[in-house]
Amino acid sequence: MARRNEEVEAVLQEYADLIAITRGDAFKARAYEKAARAVGGYAQDVSRLTPEELRGIPGVGKSIAEKVAEYLRTGSVEVVEERRAMIPAGVRELITIPTLGPKKAMTLYEDLHISSVEELANAIESERLRGLKGFGPKTEENILHGIALLQQAGDRIDVHTAMTVAEEVVAGLSSIRGCESCTFAGSLRRMRETIGDIDVLVAARDSAKFMTALTELPATAEVIAHGEKKTSIRTTKGLQVDLRVLPPDSWGAGLQYFTGSKAHNIRTRTMAVRAGLKLSEYGLFEVPEKPKKGAKAPKEEGRLVASRTEDEVYDRLGLPWIPPALREDRGEIEAALGDGLPDVITEHDIRGDLHTHTSLTDGLAPLAEMAEAAAARGYAYYAVTDHAPDLYMEQMTDAKALAQREEVRRLDGTFHRMRLLHGTELNIGPDGEVDWPADFLAGFDLCVASVHSHFGLSRSAMTKRFIRACENPYVNVIGHPTTRMIGRRPGVDADWDEVFAACARTGTALEVNAQPDRLDLRDEDILRAKQLGAKFVIDTDAHSVPHLAFLRYGVGTAQRGWLTKDDVVNTWPLTKLRRFLRAKRP
DNA sequence: GCCGTTTTCGGCCCGACTGTTTTCAGTCG
């Protein structure tokens, strides 16, 4: 992608790791880590910011701003290079092994000169770790196991796969007697686009049977930890599930804590400390008076202030309840304090899907079946948008499109409240042209236009290509704008500020494509496009009936981009939507 | 290194689990 934020994030994170490994100041390492996350999640491209604006990023002060500027100017940072020279790259690689952190990595390097994962594995094999302080037989075993996991590539998993597992686990645990509440939390509840592991919470007085039940699930391949308050397993697919059982009185505080994000929690806990309180997963507590120097610290807990619901906890911190998708410390605390929290869109607000396929091209189900399933979801309108002739493998023709239109018109009105719209998904050619001429396009109720090939154009050519498509009076929506495939293909390079501005100017909506391997636009681009005045549409791009349910991931992504009902055209009543679709036309 | 309604120094979120230890360090989330 065009933004350089990820590059900068990686450099800052590397510096933080190197500081930790070389036993530098832990707070300094944490400061760099925090800044790395803030830069990675910042809505604007850091390479376009002035030095003053860089310092406006939370967690970025004078020193880090200078290093970011140095990196953007020269491609490297001197102090990072110095640390790199002290520590072989392979030592940093060691800390990617689960259970192996910076301290152990440095010990291995200093005492045994181990500087790669492979050398570490060999050293364990040849028993060279024996006698090394802090490394017992169990540690050796854990490291070998961690290396094996690493080699299985088991990185982050897509949100839909994670959701499927989470809902199974929640259903299983909810049916156990004594379960007062059960849900998933963590990055899944925040609807991040990929999920590292699944956090499940149970409210119950007695934890043991829930812990045991988790370890005995059919999908459980391995028990990582089995305690009274927390149990962790790994599923047969390599996904880690953490279960916490909380006293029912702690439910709200626990849910708040385990939903995160880490950065959001640091903010809420800091607010608690400022208010003379302490926030943990068990509740918001008063802090007992500090004992005088030398006196024995009293052991008792402070009085409980709030814990039963998230609402209560936020309320006692002086905040309204904050939707999970916003909890990334991207300004939601400030917005909440200033009464500026967006009333984020919900799945319930969506009145129709405007990008779907049928078996006429590459979908699996025929038009009538897709429409029937859409009507069952309670939609007020539904658009069929099969591919156009330029994707030649889909075999679309003018005649097929016109025949489909007749069928759409014939079926329209047979699904009680739901209206059917006839649309198409056009292909945006390398020059920005689309499949059909204006007079043919005029016959559609709406046109989505997307890039499907020629991903490697130069940034300027790609930008022109999108702008040209926006300027087409019949193009209503730019479909899956960046064309990225999560974990498989990066997005195309364009000057997105220019493209988003063109969308705003021409009245072309940007799609938030809800396919779990796309989620395109993604949250950060949405934030930026909204700032530039663009409108959006949340679509499933469904190729089958089950895909219609992917809408929730699109809505989650839109929430993470702070979108409200007003920003999203497919929450609008049909008359208003039709006005929007026609507004560009001559 | 960052940050400020306990400001320019002295804090920095907090707790669970494991393994190697005899009271705690390291890692993780």
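The model shown is predicted, which means the values in this text are computed figures rather than measured ones. Order of the sequence lines fixes the chain letters, A, B, ..., with proteins taken first and strands second; residue numbering starts at 1 for each chain.
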ask   = Reckon A:Asp25 touches a base, only the sugar-phosphate, or nothing at all at heavy-atom distances under 4.0 Å?
value = base
query = For A:Asp17, which of A:Arg83, A:Arg30, A:Arg92 qualifies under salt bridge (Lys or Arg N to Asp or Glu O under 4.0 Å)?
reply = A:Arg92
message = Looking at A:Arg84 and A:Glu81, is there a salt bridge between them, counting it only when a charged N and a carboxylate O are closer than 4.0 Å?
response = yes
ask   = Can you tell me the Watson-Crick or wobble partner of B:dG10, both distances under 3.5 angstrom?
value = B:dC3
ask   = Charged N to carboxylate O below 4.0 Å: is that the case for A:Lys67 and A:Glu78?
value = no
request  = Check every strand shown and say whether A:Lys262 touches a base, only sugar-phosphate, or nothing at a heavy-atom separation below 4.0 Å.
outcome  = base
Member of A:Val241, A:Ile198, A:Leu217 meeting the side-chain contact (heavy atoms from CB on, under 4.5 Å) criterion with A:Thr235 = A:Val241
task = Calculate the interatomic distance between A:Ile266 atom CD1 and B:dG11 atom P; express it in whole Å.
result = 18 Å
query = Are the ring of A:Phe27 and the base ring of B:dC2 both nearer than 5.5 Å at their centres and tilted by less than 30°?
reply = no
key: No-H, no-angle donor-acceptor pair, A:Tyr257 side chain to B:dG29 base, under 3.5 Å   = yes
task = Find which nucleotide of DNA chain B each of A:Thr139 and A:Glu281 is nearest to by heavy atoms, and output the residue with the more 5' nucleotide.
result = A:Glu281
message = Contact list please: residues 239-256 of chain A against DNA chain B, heavy atoms, distance less than 4.0 Å, in numerical order.
response = A:Arg244
ask   = Which is true for A:Ser232 with a 4.0 Å heavy-atom rule: it touches a base, it touches only sugar-phosphate, or it touches nothing?
value = nothing
query = A:Leu12 near the nucleic acid: base, sugar-phosphate alone, or nothing, with a heavy-atom cut-off under 4.0 Å?
reply = nothing
ask   = What distance, rounded to whole Å, do you find between the two P atoms, one in B:dT21 and one in B:dT27?
value = 15 Å
note = From the candidates B:dC13, B:dG1, B:dC14, the one with an atom nearest any side-chain atom of A:Lys67 is B:dG1
inquiry  = Suppose you measure atom C1' in B:dC12 against the same atom in B:dT8; what distance do you get, rounded to whole Å?
reply    = 16 Å
task = Decide, yes or no, whether a salt bridge links A:Glu9 with A:Arg37 under the criterion of side-chain N to carboxylate O below 4.0 Å.
result = no
inquiry  = Please classify the glycosidic conformation of B:dT21 as syn (within 90° of 0) or anti (everything else).
reply    = anti
ask   = Do A:Asp525 and A:Arg528 sit within salt-bridge range, that is, some charged N less than 4.0 Å from a carboxylate O?
value = no
inquiry  = Using a strict threshold of under 4.0 Å (side-chain N to carboxylate O), is an ion pair present between A:Glu310 and A:Arg189?
reply    = yes
request  = Measure from CD on A:Glu33 to P on B:dG1 and round the result to the nearest Å.
outcome  = 15 Å
ask   = What class does the angle between the rings of A:Tyr553 and A:Phe550 fall in, given that below 30° is parallel, 30 to 60° is tilted and above 60° is perpendicular?
value = tilted
ask   = When you match A:Gly134 and A:Phe258 each to their closest nucleotide on DNA chain B, which lands nearer the 5' end?
value = A:Gly134
key: Interface with DNA chain B, restricted to residues 71-96 of chain A and to heavy atoms under 4.0 Å   = none
message = Run A:Lys262 and A:Glu328 through salt bridge (charged side-chain N to carboxylate O under 4.0 Å, His left out) and show every step you take.
response = CA-CA 8 Å; A:Lys262 187 171 180 159; A:Glu328 298 287 350; over 6 Å; no
remark   = A:Leu284 atom CG is separated from B:dC14 atom P, nearest whole Å, by 11 Å
